[in-house]
Amino acid sequence: MARSYLSLGSNLGDRDINLRRAIDALQAGCVHALRVSPVYETEPVDYLDQEWFLNQIVECETSLPPRDVLALIAKTERALGRIRDVPKGPRTIDIDILFYGAEIIDAPDLEIPHPRIAERRFVLAPLADLAPDLRHPVNGRTVRDMLETAPPAAVRLLHS
């Protein structure tokens, strides 16, 4: 079983319900949630003309290989109504693989660890609640260290 960390975000519809439904769908697909972070409300990044997001991290275990996890994520996003008509635009759910054990994958269709994790306060804040001392297998920095130096962005704890 591989210990993995997934990032979930939603800014359309009932954002809280979207996060819960995504976790349920992932668990039905053999990705077993061990712990979930508190929920944070965060300002959009890159494409700014949209509603704020709710973000959460799921620490999980799975026997699925990384590409099968990616396929399950795509299926889950489609089932929850994700439409990719505006790059980085509004979405009912967005799920990213942040870490998959200590694996390093650099392929056109999949990059693990997530290539922009160190720049994304909306990912690092909830991840620090679960695994502040987790080390990035490429840059060697802890989640706590990356959070301290991440670019500024509004990230506020919404609820546990």
Side-chain angles (χ1 to χ4, degrees), residues 4-27 29 31 33 35-60 66-67 69-100 105-132 134 136-139 141-160:
S4 303
Y5 292 88
L6 305 178
S7 171
L8 282 65
S10 175
N11 76 337
L12 287 178
D14 189 321
R15 301 171 300 167
D16 266 317
I17 288 176
N18 293 339
L19 295 176
R20 277 182 268 154
R21 286 182 178 159
I23 293 168
D24 290 345
L26 291 167
Q27 291 200 113
V31 172
R35 298 186 300 161
V36 295
S37 74
V39 175
Y40 285 78
E41 188 168 42
T42 65
E43 67 180 322
V45 176
D46 298 323
Y47 183 80
L48 304 179
D49 188 23
Q50 59 183 320
E51 298 298 318
W52 282 41
F53 284 82
L54 291 191
N55 289 98
Q56 187 171 41
I57 302 297
V58 178
E59 178 183 6
C60 52
R67 279 190 170 70
V69 173
L70 185 63
L72 175 61
I73 286 170
K75 178 181 174 184
T76 299
E77 288 179 341
R78 281 190 308 274
L80 292 176
R82 170 115 190 231
I83 299 170
R84 296 176 184 265
D85 56 349
V86 177
K88 302 191 188 278
R91 58 208 95 152
T92 54
I93 195 70
D94 180 41
I95 307 169
D96 290 318
I97 302 170
L98 302 176
F99 296 105
Y100 183 95
I105 300 172
D106 186 7
D109 63 330
L110 180 61
E111 289 184 73
I112 298 175
H114 192 284
R116 289 174 299 286
I117 190 170
E119 306 161 12
R120 301 210 161 157
R121 191 169 290 276
F122 66 88
V123 167
L124 292 167
L127 183 57
D129 289 325
L130 297 180
L134 179 67
H136 192 292
V138 175
N139 69 28
R141 297 176 64 207
T142 66
V143 169
R144 179 185 293 116
D145 292 340
M146 289 186 287
L147 178 58
E148 288 174 4
T149 60
V155 175
R156 61 179 174 244
L157 180 64
L158 195 60
H159 58 79
S160 298

Counting only heavy atoms from other residues, nucleotides and ligands, does the tally under 6.0 Å from CD1 of I83 exceed 12? no
How many angstroms lie between CG in L130 and CD in E59, if you round to the nearest 0.5 Å? 6.0 Å
For the backbone of L12 and the side chain of N18, can you confirm whether one donor and one acceptor N or O come within less than 3.5 Å of each other? yes
d(F53 CZ, I93 CD1) to nearest 0.5 Å is 10.0 Å
Check step by step if side chain to side chain contact (heavy atoms under 4.5 Å, CB included) holds for Y40 and L158. CA-CA 5 Å; Y40 285 78; L158 195 60; 5.9 Å; no
Is R121 reaching over with its side chain to a backbone N or O of A150, donor-acceptor style, under 3.5 angstrom? yes
If you define the side chain from C-beta out and look only at heavy atoms, does anything of I117 sit under 4.5 Å from F99? yes
Considering all heavy atoms of both residues, which atom of G9 and which atom of N55 are nearest to each other, and what is their separation? CA-ND2, 3.6 Å
Contact check, side chains of H159 and D16, non-hydrogen atoms, under 4.5 Å: yes
Spacing of CE belonging to M146 relative to CG belonging to N139, to within rounding of 0.5 Å: 5.5 Å
Heavy-atom pair of closest approach, residues L72 and V31: CD2-CG2, 3.6 Å
Please check if the side chain of E43 supplies one atom and the backbone of A154 the other of a donor-acceptor pair under 3.5 Å. yes
Which residue in the set D129, V123, V143 passes side chain to side chain contact (heavy atoms under 4.5 Å, CB included) when paired with I57? V123
Main-chain N/O of W52 paired with R15 side-chain donor or acceptor, under 3.5 Å: yes
What are the two closest non-hydrogen atoms of V155 and A125, and how far apart are they? CG1-CB, 3.7 Å
Trace of the side chain to side chain contact (heavy atoms under 4.5 Å, CB included) decision for Q50 with V86: CA-CA 11 Å; Q50 59 183 320; V86 177; over 6 Å; no
Please find the pair of heavy atoms, one from E51 and one from P44, that lie closest to each other, and give the distance. O-CG, 4.1 Å
Can you tell if the side chain of I97 reaches within under 4.5 Å of the side chain of L6, non-hydrogen atoms only? yes
At their closest point, which heavy atom of L124 faces which heavy atom of A118, and how far apart are they? CD1-O, 3.8 Å
Any side-chain heavy atom of L26 sitting closer than 4.5 Å to one from T76? yes
Should the pair D14-R20 be classified as a salt bridge under the 4.0 Å nitrogen-to-oxygen rule? no
Test item: Q27 side-chain N/O and A33 main-chain N/O as donor-acceptor pair under 3.5 Å: yes
Can you tell me if T142 uses its side chain to pair, donor with acceptor, with the backbone of L134 under 3.5 Å? no
Spacing of CG belonging to D24 relative to CD1 belonging to I17, to within rounding of 0.5 Å: 11.0 Å
To the nearest 0.5 angstrom, please state how far the NZ atom of K75 sits from the CD1 atom of I95. 12.5 Å
Strictly by modelled atom types, are T149 and R141 linked by a side-chain donor-acceptor pair under 3.5 Å? yes
Near E111 CD, under 6.0 Å, is it more than 12 heavy atoms from other residues, nucleotides or ligands? yes
If only atom types and distance count, is the side chain of R21 paired as donor or acceptor with the main-chain N or O of L80 below 3.5 Å? no
Determine, stepwise, if the pair V45 / E119 fulfils side chain to side chain contact (heavy atoms under 4.5 Å, CB included). CA-CA 10 Å; V45 176; E119 306 161 12; over 6 Å; no
Does CG in D109 sit with more than 12 non-hydrogen atoms of other residues, nucleotides or ligands closer than 6.0 Å? yes
Between E77 and R91, is there a side-chain N and carboxylate O pair less than 4.0 Å apart? no
Which heavy-atom pair separates P38 from P126 by the least distance, and what is that distance? O-CB, 4.2 Å
Once rounded to the nearest 0.5 Å, what's the spacing between atom CG of D96 and atom CZ of R120? 7.0 Å
